[in-house]
Colleague: 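My questions all concern the structure below.
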Amino acid sequence: MNTIILLMLVIPVIGAILSGYLKHKKSDISVLVTSGLVLISAVYIVLKVFPNTQERLLIKLPWIEGFETTGLFGYCIDPLSMLLLIVVALLGFVVMLYSTDYIGLKNREHPTLEGKQRHNFWMMLFITSMLGIAISPNLLQLYIFWEITTMCSWALISHFRDEKSLRAGFKALLMTFGGGIFFAIAIVIIYVKTGSFDFSALNSLSPGFRNLVYFFFLISAWAKSAQVPFYTWLPDAMAAPTTVSMYLHAAAMVKAGVYLIARIAVSSNSISFSMGLVTGIMAVVTMLVGVYFFFFQDDLKRLLAYSTITHLAYVLLGVGLGIMGSKTGILGGIMHIINHSAAKGLLFLCVGAISYSTGSRSIKDLNGLSHKLPLVSFAFMIGFLALTGIPPFSCFWSKFLLLMGTIDVGGKIGFLILIPFLLEIIVAFAWFLRVGHKVFFGEVSAVSAEAKSLPLSIILALIVLIVLCLAAPFIGMPLINHI
Amino acid sequence: MNPIDLIISSIIILLIGSGIVFLISYFRPKYVEFCGYVSLGFVSIAALEILTVSVNVFMHGPISINEPLISIPIMGASLVFNFDTLSAIFLCIIALISVLATIYSIKYMTIPYAQGLRMTGYYPPLLLYFASLIAVVTVSDMFFFFIAWEFMTLSSYVLVIFDRKNKKCLRAGFKYFLMTHIATAFMFLAAIILYINGDSFSFDSLSISLRELMSTNPVLVHVVLGLFFIGFATKAGVLPFGDWLPDAYPAAPGPASAVFGGIMSKLGVYGIIRVFCDILPISGFSETWGIVISIFAVISIFVGTMTALIQDDTKRLLSFHVIGQIGYMLLGIGIGVYFLPTNKVIATIAIVAGIFHLLNNSIYKSSLFLTAASIFYKTGTRDLNKIGGLAKFMPMTATAAVIASLSIAGMPPFNGFSSKWLIYQSAIVGGMKNGFFIILGIIAIFISVVTLASFFKFFGASFFGKLHAGARNLDKKEIPKSLYIPQLILAGLCILLGLFPMLPIKVIYSAVGDIFGSGNIPAIGSLYGDSLIGINTNFGFGIFGSWNPIIILAALVVTTLISYYFYKSGKVKERMVESWYCGEEHTDEEVRYPAHNFYLPFKQLFRIKIGKYEREGVYPTIPLPKIKFSEEGIIKRILGIDNWLYYPIVNFTLKLFKKFSKTHIGIPHVYLLWMFIGLLVGIFILYVLV
Amino acid sequence: MKVLGLGIFNLILAIFLSPLLEGIARKVVALIQSRIGPPLLQPYFDLLKLFGKEEVTNTDNILFKYTPLICFSSTLLLALLIPFGIDAPLSMSGDIIVFSYILIFSALMVLISGISSGSPYGVIGSSREMMMILTVEPVFVIALITAAVKSESLSFSGIAQWQIDNGLPFSMMVAGTALFLTILRSLSRMPFDIVEAETEIMGGPFIEQAGPKLALFKWSYYVKNLVFASLFFSVFFPWPHFDFALLNIIMVLVKIGVFVSIVAVVHSVNPRLRVDQTIKYFGVIIFIAFAGLAFALVGV
């Protein structure tokens with residue numbers, strides 16, 4: 001088991017180096033093979049370990065005084081980390097498959113091969129770091145990988161190296177790193193007070209410090225997951241290629257923040273009610289803010305980015321509800337991680353396919369695409385239904401659990417959360433339905449009329465995610481049953 | 001096979017069929033009729049299976065399976081099926097209408113195909129839709145009920161937006177999906193509130209937790225019931241929640257509208273029956289909500305049908321009648337729910353009447369929608385002003401249309417009359433206990449005449465009168481058999497159920513018995529008399545009603561024979577002449593009396609004019625607001641944290657750095673000076689610290 | 001057996017007595033207009049003549065051909081549902097709601113014959129007839145329901161029996177007045193002679209009818225005269241009531257004669273109202289009818 005876990009971490013690094021060196025096709029093949037291997041090993045690990053928990057320290061730090069018993073590196077595979085593991089490995093493979101053709105000369109939005117190796121290199125490195133986060137047994141290791149993802153994010157947002165993307169990358173780096181500082185401070189406080197980096201170390205803190213530390217974690221998660229008040233970097237980060245937007249800024253990296261909070265909430269049972277309330281209220285505020293910005297977006301990707309913001313708030317809302325005493329709430333929040341990844345990933349890939357084939361992402365210009373790209377419109381509608389919670393697609397299940405959690409908390413607080421939550425659900429549904437109608441149905445506009453056909457890799461990636469939109473709850477449900 | 005396997009396999013067959021038809025129609029778009037035949041195959045197998053189940057239920061009573069198929073412990077949900085007689089009645093309706101609509105589709109869908117529409121958007125969602133219908137009426141767990149329910153919404157939405165280039169259809173689909181989604185959200189809330197107070201989503205345990213809430217938190221009970229009511233009323237098309245219905249039903253292709261009109265809106269009523277009769281324990285709440293249901297019912301009856309009177313579009317006219325007819329069913333059920341705690345006799349008769357009307361309505365309403373589709377098939381238009389005299393070309397369709405129209409208008413001896421008659425009776429007799437219901441009953445009777453007027457216009461303008469000029473060069477052939485045979489079957493059922501009303505009443509009575517427990521309602525003989533051929537209602541305190549279609553019909557036959565004798569007594573000859581226009585020469589076109597001009601003075605009664613606001617009819621359409629947000633709104637400025645917080649901070653910091661960078665001027669002496677100053681500062685700090 | 005006997009009695013009454021009533025009405029109108037007027041038996045001669053006349057049609061529509069037949073037979077059916085001094089033959093097979101619907105059904109036959117004739121005048125007449133039904137039906141129904149509520153019975157016999165036992169209440173008086181006006185309309189008498197309106201639309205639905213068909217329509221109107229008169233008297237004013245059936249029958253026949261005369265008087269002294277005027281007129285009447293119902297509900 002140790003070997004496979006280590007291999008899983010090492011393979012993408014090898015892939016990164018290979019793809020950085022090799023040219024064009026060979027680079028593609030190397031990333032495909034390595035990410036495929038990662039997927040296989042991740043699935044193997046999950047099947048092997050589930051439903052138990054496996055934890056081990058591999059490297060300690062005996063040479064630093066005071067750190068003798070502290071683990072530097074190890075792994076902990078429990079249902080929660082399996083959830084993230086599957087998301088990262090599966091979507092990683094899909095996105096690498098997608099990018100083989102997406103970043104190429106036939107892409108009508110960015111018809112260039114320049115920087116493909118760079119893209120592949122950073123993506124593979126990112127997979128490693130994200131896997132590291134998923135299997136981290138303690139806060140220190142998580143923090144280290146956390147900062148690596150920040151770095152990958154910066155490099156990938158600035159991929160095109162024009163003024164806009166450079167600024168966006170810098171902005172993202174500043175904000176997420178700024179949040180990371182709070183993370184570091186929180187770890188230091190914990191270590192100084194308890195002498196341990198464990199997730200459960202929060203339990204042995206005094207209540208005042210516990211709240212403070214939790215709040216610091218919350219700030220860093222807000223920054224990482226683009227929540228109010230740090231949400232502004234995510235829409236700008238859409239300057240990156242769609243593969244990056246999909247993988248880092250919808251499916252995986254932004255999930256790191258909410259994963260951290262979920263992990264802390266699951267492993268320490270003594271966080272105060274007021275902190276749960278802060279988490280929940282801020283999540284609801286984020287939802288409303290995110291939905292408010294829907295109305296101004298003409299760029300499909302920016303629209304999806306704001307939607308991502310609101311959906312990450314769902315996870316935090318679930319965790320907040322869990323801290324306030326609702327078990328269903330927190331399970332719903334955690335399950336939403338995988339459900340949202342499937343749905344939002346599919347939507348991003350659809351938008352990518354649209355821009356690949358038409359060269360445009362503007363809602364105004366596109367119209368009647370379903371006549372030209374039936375598969376993409378089908379996939380988009382499935383993604384939209386999954387995202388807005390129409391049964392039997394993915395997000396419905398977690399949204400339902402969240403609603404149950406909200407009513408479970410009950411009273412004035414439950415009501416206060418419920419109303420904006422419902423409002424968000426309905427407005428988002430209406431807006432996405434409207435956008436879907438506008439873009440895919442109706443008369444064919446000039447831009448849509450020139451749509452080109454799609455390569456096989458993109459179609460395959462879309463089909464995999466359509467299936468995942470249906471299958472995500474079946475993966476998520478047994479996992480959260482054992483948390 | 002046991003019933004549960006039959007139901008599951010029918011659902012699975014439809015799902016598989018949907019997939020297969022999707023593949024065929026996607027890869028071979030030209031095989032339009034072939035797709036229809038394949039779908040028909042799957043649908044008829046499924047229909048046979050569910051018919052078997054319902055016959056089984058009719059013979060041996062309700063079947064309940066407590067072993068859950070799927071169980072989701074953290075949601076408290078488990079997939080449990082329960083077939084009581086009410087479900088069986090619905091299964092029968094579904095089996096009948098799904099098969100007929102699919103038969104109808106085979107030929108009909110060649111018309112949309114000729115307009116460039118692909119079958120991928122029609123047959124696959126249609127089969128999914130049938131599957132979800134079966135699930136909705138058999139599942140007895142609220143959670144899975146809602147999943148099936150939303151699936152039904154989803155697949156019907158796909159059917160509504162079938163014509164994807166048509167802006168009107170898209171808008172209708174948008175409105176439909178949005179409104180029903182909101183309604184479903186309400187129902188979810190209600191169900192969750194009950195779940196939190198209990199431990200599972202099954203109907204029984206919801207009922208128990210509702211009973212507990214009644215003593216602890218009565219306000220919450222009203223909230224829950226209100227949410228349920230709004231949710232189901234939206235789907236049923238009860239005004240004002242059913243505003244989407246007149247837009248969405250006409251947008252779907254003909255046979256699909258027939259299925260909508262025949263089944264879907266009735267499922268809203270099914271939900272209301274389940275919640276207010278089955279889940280809600282009999283109590284004071286029943287009285288309150290009985291009145292609420294009745295009031296909304298009568299609003300729908302009045303507004304819906306009055307608006308139908310001024311419509312000139314066939315399908316839109318029928319859609320407004322859907323709203324009106326739903327009102328009749330709910331009126332019966334509302335009266336029944338009101339009287340549940342106080343008078344079981346009136347309650348039972350009223351609820352049975354409501355369900356009976358539901359059964360009748362699904363038969364003639366789908367027939368009428370098929371008529372509208374046939375007219376469209378023949379003439380290519382849905383505008384009543386542009387057609388006329390079609391009886392000459394499609395006599396079979398015309399016959400079926402007249403029978404169905406008379407049924408919906410409640411003319412004896414067709415089936416619509418029997419159920420309406422029972423509803424009126426319960427309203428009048430209920431009104432003797434509570435005068436309020438009499439007003440509702442009178443409105444209902446009056447509107448029944450309006451329905452007649454509206455359908456008189458419908459078949460008068462389309463099948464009789466003079467041909468429209470545009471329709472003159474129509475093919476003289478009758479439409480294909482597969483188009484009019486389904487209608488004739490439905491029309492035959494209209495007559496059959498009209499002549500023998502006791503057969504369905506017996507079945508529906510046992511359905512009501514299943515809901516309340518057969519010991520809790522009066523025996524059937526004491527309610528409807530022992531005769532099988534006619535209904536002799538007995539309301540208990542010396543009030544009897546009687547409607548004996550066979551005897552009345554026999555009397556009519558006798559009187560007809562008498563009048564036929566007189567008619568033929570003169571042995572006169574017949575002579576054909578031209579129409580007489582008072583001596584003036586006219587072409588047929590000049591003397592047409594178009595549909596729009598029917599009942600003008602009456603329609604003008606309902607023209608509202610306040611200042612600039614002018615509107616015909618009583619129907620308050622809710623226009624979707626045009627959402628326009630100004631880019632420079634104050635909220636956006638506040639929420640754009642970048643502009644007032646982050647960018648200023650960053651800019652300030654950058655400026656600060658720039659100022660620092662000015663110290664780097666590249667001359668070694670200056671750096672030495674900095675080092676020296678730094679050293680001094682360091683020493684100073686150390687001095688202070690030590 | 002009793003039912004059969006009653007049925008034959010009602011039918012004979014309806015078929016053979018009804019033209020006489022029309023004769024009386026014509027005589028009354030003539031008297032008011034200071035004419036001698038046609039003989040009392042003139043309607044019989046009219047019918048005989050029409051049954052022997054050539055049948056001129058302008059359409060081969062099947063409905064056009066058979067609607068007069070069904071109209072007449074359903075009107076006879078009405079006569080079987082109404083008591084003429086003694087029990088109604090079909091009282092156990094249909095109540096007041098059935099009665100009012102069969103009434104509409106017979107009117108519907110006139111309507112269908114109008115639209116299927118293909119003549120624009122016929123269509124206009126049908127449209128008007130439908131509007132009239134729309135206008136009058138609520139008042140008619142409210143009046144009947146008032147009686148039903150007051151007497152707690154849904155059959156004509158039950159209502160009449162209750163009145164004989166308890167006397168005429170105020171609410172039923174109001175309802176009876178409203179009912180009288182609706183009867184004027186249903187018989188197409190002035191001031192509500194809108195559907196046929198010979199001077200405007202030349203007989204409306206009947207414009208293309210000729211020979212036996214026209215005879216059947218005319219006859220069904222005569223029967224309706226009888227039916228409504230009996231409805232009015234047996235439901236709302238059933239006394240004086242005797243224990244001896246024959247006396248009751250004679251009494252009813254006398255009352256019917258009086259009723260027909262009153263209708264004729266109203267008919268001859270009134271002008272025709274326009275459609276919109278009629279609608280407004282009944283808009284007022286309906287409030288009166290509702291007032292009657294309210295009285296019945298509070299027990300007056």
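Quick caveat: nothing in here was measured; it's all calculated off a predicted structure. First the proteins, then the strands, lettered A, B, ... as listed; each starts at 1.
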Colleague: Indicate yes or no: at least one non-hydrogen side-chain atom of Asp642(B) is less than 4.5 angstrom from one of Tyr231(A).
Modeller: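 Asp642(B) does not reach Tyr231(A) side chain to side chain.
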Colleague: Is the distance from the ring center of Phe188(B) to that of Phe396(A) below 6.0 Å?
Modeller: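 Close enough - the centres of the two rings lie under 6.0 Å apart.
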Colleague: For side-chain contact (heavy atoms from CB on, under 4.5 Å), just list the numbers for Leu189(B) and Leu422(A), CA-CA rounded to whole Å, side-chain angles, deciding distance to a tenth of an Å, and then say yes or no.
Modeller: CA-CA 10 Å; Leu189(B) 273 189; Leu422(A) 272 183; 3.3 Å; yes
Colleague: Using a 4.5 angstrom heavy-atom cutoff, name the option from Leu385(A), Ile480(A), Thr328(A) with the most pairs to chain B.
Modeller: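 Ranked by heavy-atom pairs under 4.5 Å with chain B, first place is Leu385(A).
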Colleague: In terms of heavy-atom proximity below 4.5 Å to chain A, should Ile641(B) be classed as side chain, backbone, both, or neither?
Modeller: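 Both parts, backbone and side chain.
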Colleague: So which part of Met477(A) gets closer than 4.5 Å to some heavy atom of chain B, the side chain, the backbone, both or neither?
Modeller: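 For Met477(A), side-chain heavy atoms alone lie under 4.5 Å from chain B.
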Colleague: Given heavy-atom pairs under 4.5 angstrom as the criterion, report whether the side chain, backbone, both or neither of Thr232(A) touches chain B.
Modeller: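 Contact with chain B involves both backbone and side-chain atoms of Thr232(A).
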Colleague: Let me confirm one number: the NE2-CD1 distance from His181(B) to Ile390(A), rounded to the nearest 0.5 Å.
Modeller: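 So the NE2 of His181(B) and the CD1 of Ile390(A) are separated by 4.5 Å.
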Colleague: Please rank Tyr157(B), Phe151(B), Tyr26(B) by heavy-atom pairs under 4.5 Å with chain A and give me the top one.
Modeller: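 Most pairs with chain A among the choices: Tyr157(B).
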Colleague: Please confirm whether Phe400(A) and Phe146(B) have ring centers closer than 6.0 angstrom.
Modeller: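 Not close enough - the centres of the two rings lie 6.0 Å or further apart.
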Colleague: Report, by ascending residue number, the residues of residues 435-442 of chain A in heavy-atom contact with chain B at a distance under 4.5 Å; give 'none' if the set is empty.
Modeller: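 Residues His437(A), Phe441(A), Gly442(A) are the ones that qualify, each having a heavy atom under 4.5 Å from chain B.
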Colleague: Checking Ile74(B) against chain A: side chain, backbone, both or neither under 4.5 Å from a heavy atom?
Modeller: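 When you check distances to chain A, atoms from both the backbone and side chain of Ile74(B) fall under 4.5 Å.
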Colleague: Please look at Leu331(A) and chain B and tell me whether the side chain, the backbone, both or neither of the residue comes under 4.5 angstrom of a heavy atom of that chain.
Modeller: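 Just its side chain gets close to chain B.
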Colleague: Hey, could you give me the CD1/CD1 distance between Ile196(B) and Ile407(A), rounded to the nearest 0.5 Å?
Modeller: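 One finds 6.5 Å between CD1 of Ile196(B) and CD1 of Ile407(A).
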Colleague: For side-chain contact (heavy atoms from CB on, under 4.5 Å), just list the numbers for Asp408(A) and Tyr195(B), CA-CA rounded to whole Å, side-chain angles, deciding distance to a tenth of an Å, and then say yes or no.
Modeller: CA-CA 9 Å; Asp408(A) 204 3; Tyr195(B) 167 74; over 6 Å; no
Colleague: Using heavy-atom distances under 4.5 Å, tell me whether Thr388(A) contacts chain B through its side chain, its backbone, both, or neither.
Modeller: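 When you check distances to chain B, only backbone atoms of Thr388(A) fall under 4.5 Å.
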Colleague: Are Trp233(A) and Tyr646(B) near enough that their ring centres are under 6.0 Å apart?
Modeller: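 Judged by ring-centre distance (under 6.0 Å), Trp233(A) and Tyr646(B) do not meet the cut-off.
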Colleague: Give, as side chain, backbone, both or neither, the part of Leu645(B) having an atom under 4.5 angstrom from any heavy atom of chain A.
Modeller: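 Neither part; nothing is under 4.5 Å.
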Colleague: Is the number of heavy atoms from other residues, nucleotides or ligands under 6.0 Å of Phe415(A) CZ greater than 12?
Modeller: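 Counting other residues, nucleotides and ligands, CZ of Phe415(A) stays at 12 neighbours or fewer.
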Colleague: Name the option with the most non-hydrogen atom pairs under 4.5 Å to chain B; the candidates are Val228(A), Asp236(A), Val289(A).
Modeller: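 Result: the option with the highest number of such pairs is Val289(A).
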Colleague: At a heavy-atom separation under 4.5 Å, does Lys327(A) approach chain B through its side chain, its backbone, both, or neither?
Modeller: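 Contact with chain B involves no heavy atom of Lys327(A) at all.
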Colleague: Pick one of side chain, backbone, both or neither for Phe170(A), based on which atoms fall under 4.5 Å of a heavy atom in chain B.
Modeller: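 For Phe170(A), there is no contact with chain B at all, as no heavy atom is under 4.5 Å.
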Colleague: Can you tell me which portion of Phe186(B) sits under 4.5 Å from chain A's heavy atoms? Options are side chain, backbone, both or neither.
Modeller: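 Neither the backbone nor the side chain of Phe186(B) comes within 4.5 Å of chain A.
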Colleague: Drop me the distance from Ile426(A)'s CD1 to Leu178(B)'s CG, to the nearest 0.5 angstrom.
Modeller: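 Between Ile426(A) CD1 and Leu178(B) CG, I get 8.0 Å after rounding to 0.5 Å.
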Colleague: Which value, rounded to the nearest 0.5 Å, describes the distance between Glu443(A) atom CD and Lys167(B) atom NZ?
Modeller: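 So the gap between those two atoms works out to 8.0 Å.
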Colleague: In Å and rounded to the nearest 0.5 Å, what is the CD1 to CZ distance from Ile182(B) to Phe429(A)?
Modeller: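 Output value for this atom pair is 8.5 Å.
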Colleague: Could you state the interatomic distance from CG (Leu154(B)) to CE (Met381(A)), rounded to the nearest 0.5 Å?
Modeller: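 So the CG of Leu154(B) and the CE of Met381(A) are separated by 9.0 Å.
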Colleague: How far apart are the closest heavy atoms of Ser370(A) and Arg164(B), and which atoms are they?
Modeller: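 Nearest pair, atom of Ser370(A) first, then Arg164(B): OG-CD, 4.5 Å.
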